[in-house]
Q: 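Below is a structure I'd like to ask you about.
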Amino acid sequence: MGKALCLAVMTTKPQRSLPPSAPKTTALPPHPIAVRLLAFYDAHQRALPWRATDDRPANPYHVWLSEIMLQQTTVAAVKPYYEKFLLLFPTVGALAQADPQEVMRAWAGLGYYSRARNLHACAQQVVRAYQGQFPDHYEGLKALPGIGDYTAAAILSIAFGKRALVIDGNVERVVTRLYRVETELPRAKGEIRAHLDVITPEKRCGDFAQSMMDLGATLCTPRKPACSLCPLHQDCLSAHQADAETFPRKAPKKERPRRLGQAIVVLRDDGSLLMRTRPPKGLLGGMSEVPNSDWTPEPAAFVAQDLLPFKATWQRCPDPVRHVFTHFELHLEIYVAKIPARHKAPDGMRFVALEALAEEALPSVMQKVVNAGLVALGVRVQTPIKDTKTKSASIKKSAGQ
DNA sequence: GAGCCGTGGGC
DNA sequence: TGCCCAAGGCT
């Protein structure tokens, strides 16, 4: 009985350590959905710089780099960063040897900065533990920093051609629509995995995964899906019911709280700006910023002068800088001042020449703050990293102070 | 499991 | 304008 019980447990319990792939033992023909999807892919796949071509086989470093960048990030946003990283760091070895700050600087503006920290740490582990060759098995990949279930499965299938269940937001949307999965996310993940396991082919699994994502990005979109053009129309239960757009089911979102704070833009007469570096972890970890207050739900007493060991005359920018993070919305009041060139930076801060601002790892919110402050100070600068669409960014020199 | 973690584009 | 979302991972 012990043996039978043990077998029963083993067969009913899903493999915890190996979720994404379950190599099938029998050689079944591909599911009709896979056949149609691969044909769609052959005819309509998007040309993306990290994808393999006829004369360029899949490169695990390229696949890994692109997958990390694409986490919660649009293809359009990733493209220029991907090209820049390949120029700066052509190989995983080059990336591993790079200065961490250089990596953060190159990532600035892309968001979710723990990805950049993990990217660098991962490159170093691949070099140290695997001689610069990415492992081609799930456990090895999953143990690397920044690689979770999705990314491990994506690398396995796209870079190494191994069968894996690649489940991202696109796949969740496509599958819940195909089968009209009524369970709400994230509880539906098990059902989605089971359905995907049925249709995932043994061959061309990397192409299959990418075809699912292409379908989700181009036709099976979150809003207004183009069901009439879909290669899976005949297979799709929600298309038949004409309610594809209502999938996947999700719990209503919580409201986004607002936080308030103040920041100072201090320009020294030699043309340099007072800056500091944020703590290594947490929000905007390891990134550069101008001095600023705590961000609190209620307005807090704030005296800009308290941040400086010398006197200055302050001017408050008319409009606060507004920036929306994932889980809160921030309003920053900006105070600006000019000070004589003889002053040194307070402890933990530094002065950075305006010309060297492009070499700082400035997150977008701080780019906005700097832009607004410089405009108020009457300094005209071409935004170094990118125009953050601050309306003030294009305003001409205000009446000089 | 739920909260934390950025940013920009589209409607 | 405000809200939704995008090839998620970590704690």
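Quick note: numbers below take in every heavy atom, side chains included, and nothing from hydrogens, waters or symmetry partners. What you see is a predicted model; the values in this text were computed from it and never measured. Letters A, B, ... mirror the listed sequences (proteins, then strands); counts begin at 1.
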Q: Nearest whole angstrom, please: distance from the P of B/dG6 to the NZ of A/Lys368.
A: 14 Å
Q: How far does the P atom of C/dT11 sit from the matching atom of B/dG6, given to the nearest Å?
A: 14 Å
Q: For A/Met366 and for A/Pro186, locate the closest nucleotide of DNA chain B by heavy-atom distance; then report the residue assigned to the nucleotide nearer the 5' terminus.
A: A/Pro186
Q: Report which part of the nucleic acid A/Ile68 touches: base, sugar-phosphate, or nothing (heavy-atom distance under 4.0 Å, all strands).
A: nothing
Q: Would you say A/His323 places a side-chain N or O within less than 4.0 Å of OP1 or OP2 belonging to B/dT7?
A: yes
Q: Report the distance from atom CD of A/Gln367 to atom C1' of B/dT7, rounded to the nearest whole Å.
A: 13 Å
Q: Within the 4.0 Å limit for protein heavy atoms, which parts of nucleotides 4-11 of chain C are touched? Write it as a string from 5' to 3', B for base, S for sugar-phosphate only, - for none.
A: -SBBBSS-
Q: What is the distance, to the nearest angstrom, from the CH2 atom on A/Trp107 to the C1' atom on B/dT7?
A: 12 Å
Q: Taking the nucleotide of DNA chain B with the closest heavy atom to each, which residue, A/Arg187 or A/Phe325, is nearer the 5' end?
A: A/Arg187
Q: Rounding to an integer number of Å, can you tell me how far A/Arg259 CZ sits from B/dG6 P?
A: 12 Å
Q: Roughly how many Å apart are C/dT1 and B/dG8, using the C1' atom of each and rounding to a whole number?
A: 16 Å
Q: Walk me through whether A/Lys189 and A/Asp149 qualify under salt bridge (charged side-chain N to carboxylate O under 4.0 Å, His left out).
A: CA-CA 12 Å; A/Lys189 287 185 180 295; A/Asp149 270 352; over 6 Å; no
Q: For the P atoms, the ones on C/dC4 and on B/dG3, what distance do you get once it is rounded to whole angstrom?
A: 16 Å
Q: For A/Glu329 and B/dG6, what is the distance between atoms CD and P respectively, to the nearest whole Å?
A: 17 Å
Q: Using a strict cut-off of less than 4.0 Å between a Lys/Arg side-chain nitrogen and an Asp/Glu carboxylate oxygen, indicate whether A/Glu359 and A/Arg105 qualify as a salt bridge.
A: no
Q: Which whole number of Å gives the distance between the C1' atom of B/dC11 and that of C/dA7?
A: 22 Å
Q: Tell me, do A/Glu289 and A/Leu284 make a side-chain contact under 4.5 Å, heavy atoms counted?
A: no
Q: Does A/Arg350 have any salt bridge (charged side-chain N to carboxylate O under 4.0 Å, His left out) partners at least two apart in sequence or in another chain, and if so, which?
A: A/Glu360
Q: Would you mind classifying the nucleic acid contact of A/Val171 as base, sugar-phosphate or nothing, using non-hydrogen atoms under 4.0 angstrom?
A: nothing
Q: Classify the ring geometry between A/Tyr179 and A/His195 as parallel (under 30°), tilted (30 to 60°) or perpendicular (over 60°).
A: parallel
Q: Tell me whether the OP1 or OP2 atom of B/dG3 has a side-chain N or O from A/His327 closer than 4.0 Å.
A: no
Q: Taking the same atom, C1', in B/dG1 and in C/dG8, what whole-Å distance lies between them?
A: 16 Å
Q: Output the rounded distance in Å from NZ (A/Lys254) to P (B/dC4).
A: 9 Å
Q: Partners of A/His62 by ring-ring contact (aromatic ring centres under 6.0 Å, His included), sequence neighbours excluded?
A: none
Q: Examine the side chains of A/Gln210 and A/Asp214 and answer whether a donor and an acceptor come within less than 3.5 Å of each other.
A: no
